[in-house]
Amino acid sequence: MQKKAELYRGKEKTVYFTDDPNLLVLEFRNDTSALDGERIEQFERKGMINNKFNYFIMQQLEQTGIPTQMERLLSDTESLVKKLTMIPVEWVIRNRAAGSLVKRLGIEEGRLLEPPIFDLFLKNDTQHDPMINESYWLC
Ligand SMILES: Nc1ncnc2c1ncn2[C@@H]1O[C@H](COP(=O)(O)OP(=O)(O)OP(=O)(O)O)[C@@H](O)[C@H]1O
Ligand SMILES: [Mg+2]
C-alpha cells in the first residue's frame with residue numbers, strides 16, 4: 001500500500017491518502033496533547049501503544065458484528081483504514097475523576113467512578129469541545 005500526500009495532521013495522528021481512493025493510512029504519533037492542543041509533549045512509544053490498542057478495540061467490535069474503519073495494521077505506528085465521512089463528536093468514558101470533570105463537579109481527583117461516566121462532546125477545539133446530548137442533533 002503506497003502512502004501518498006498528507007490529508008490531515010491532528011494533535012496526535014496524521015492521516016495520509018493512499019493509491020486506493022477508498023483507503024487512508026492513520027499514523028499514530030508520540031505527541032500527547034492537553035488543553036485542546038495548547039500543551040503538547042512527547043511520550044516515547046505512545047504512538048505504538050495507541051495504534052495497537054485501537055486495532056485491538058476495532059477487532060473486538062468486528063467480532064461482535066459491528067463494522068469498523070479498520071482494514072489492517074501496517075506497522076507499529078500505522079494502520080490502514082477505510083475512508084469515511086466523519087461526524088464531529090467525541091465520546092469520553094471516565095473510570096476515574098480527573099481534568100475537566102473535577103473542575104466541573106468539584107469532586108475529588110482520582111475518585112473511582114463506578115459505573116464509568118459516559119460524556120458526549122462536539123469535536124471542535126476552537127469552541128473547546130462543548131458538551132452536547134441527543135437533543136442537540138438538529139442544531
Ligand atoms: N477513517 C477516516 N476517514 C476519513 N477521515 C478520517 C478517518 N479517520 C480520521 N479522519 C480524519 O482525520 C482527522 C484526524 O483524526 P483524529 O481526530 O482521530 O486525530 P487527532 O490527531 O486526534 O486529531 P484532533 O487534533 O483533531 O483531535 C479526523 O477529524 C478526520 O477528519
Ligand atoms: Mg484527537
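One-based numbering, in listed order, for ligands and for the atoms of each.
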Tell me, which protein residue and heavy-atom name are nearest [atom], and how many Å apart are they?
atom: atom 3 (N) of ligand 1; answer: Leu84 N, 2.8 Å
atom: atom 25 (O) of ligand 1; answer: Lys11 N, 2.7 Å
atom: atom 12 (O) of ligand 1; answer: Val15 CG2, 3.3 Å
atom: atom 23 (O) of ligand 1; answer: Gly10 CA, 3.5 Å
atom: atom 6 (C) of ligand 1; answer: Met86 SD, 3.5 Å
atom: atom 1 (N) of ligand 1; answer: Gln69 OE1, 2.6 Å

>> Heavy-atom distances under 4.0 Å decide this one: backbone, side chain, both or neither, for Thr14 against ligand 1?
In response: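 It is neither part, as no heavy atom is under 4.0 Å.
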Can you tell me how far [atom2] of [Y] sits from [atom1] of [X], rounded to the nearest 0.5 angstrom?
X: Tyr55; Y: Glu62; atom1: OH; atom2: CD; answer: 9.5 Å
X: Met131; Y: Leu122; atom1: CE; atom2: CG; answer: 12.5 Å
X: Glu109; Y: Ile107; atom1: CD; atom2: CD1; answer: 10.0 Å

> Does Arg29 reach the main-chain N or O of Lys11 with its side chain, forming a donor-acceptor pair under 3.5 Å?
Replying inline: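 Yes, the answer is positive, given that a donor and an acceptor are paired below the 3.5 Å cut-off.
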> Any donor and acceptor pair, going by atom type alone, linking the side chain of Asn30 with main-chain N or O of Lys46 inside 3.5 Å?
Replying inline: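 A pair under 3.5 Å: yes.
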>> With respect to Tyr8, determine whether any N or O atom, backbone or side chain, lies less than 3.5 Å from an N or O atom of ligand 1.
In response: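 By distance alone, the answer is yes.
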> Looking only at heavy atoms, which two atoms of Thr18 and Leu80 are closest? And how far apart?
Replying inline: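 Minimum heavy-atom contact is CG2-CD1, 4.1 Å.
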>> Can you give me the closest heavy-atom contact between Lys82 and Met70, atom names plus distance?
In response: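 Heavy-atom minimum between the residues: NZ-O, 3.5 Å.
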> Taking only heavy atoms of Leu24, which atoms of ligand 1 are found under 4.0 Å from at least one of them?
Replying inline: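 Within the 4.0 Å cut-off of Leu24, ligand 1 contributes 2 (C), 3 (N), 4 (C), 5 (N).
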>> Please list, in number order, the atoms of ligand 1 under 4.0 Å from a heavy atom of Val81.
In response: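 Selected atoms, number and element: 1 (N).
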> Given Glu90, Lys13, Lys82, Lys83, which has its nearest heavy atom closest to atom 16 (P) of ligand 1?
Replying inline: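 Considering heavy atoms of Glu90, Lys13, Lys82, Lys83, the nearest to atom 16 (P) of ligand 1 sits in Lys13.
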> Any ion pair linking Lys52 and Asp76 (charged N to carboxylate O, less than 4.0 Å)?
Replying inline: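 Looking at Asp76 and Lys52, the cut-off is met.
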>> So is Lys123 touching ligand 1 or not, going by heavy atoms under 4.0 Å?
In response: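 The answer is yes, since Lys123 has a heavy atom less than 4.0 Å from ligand 1.
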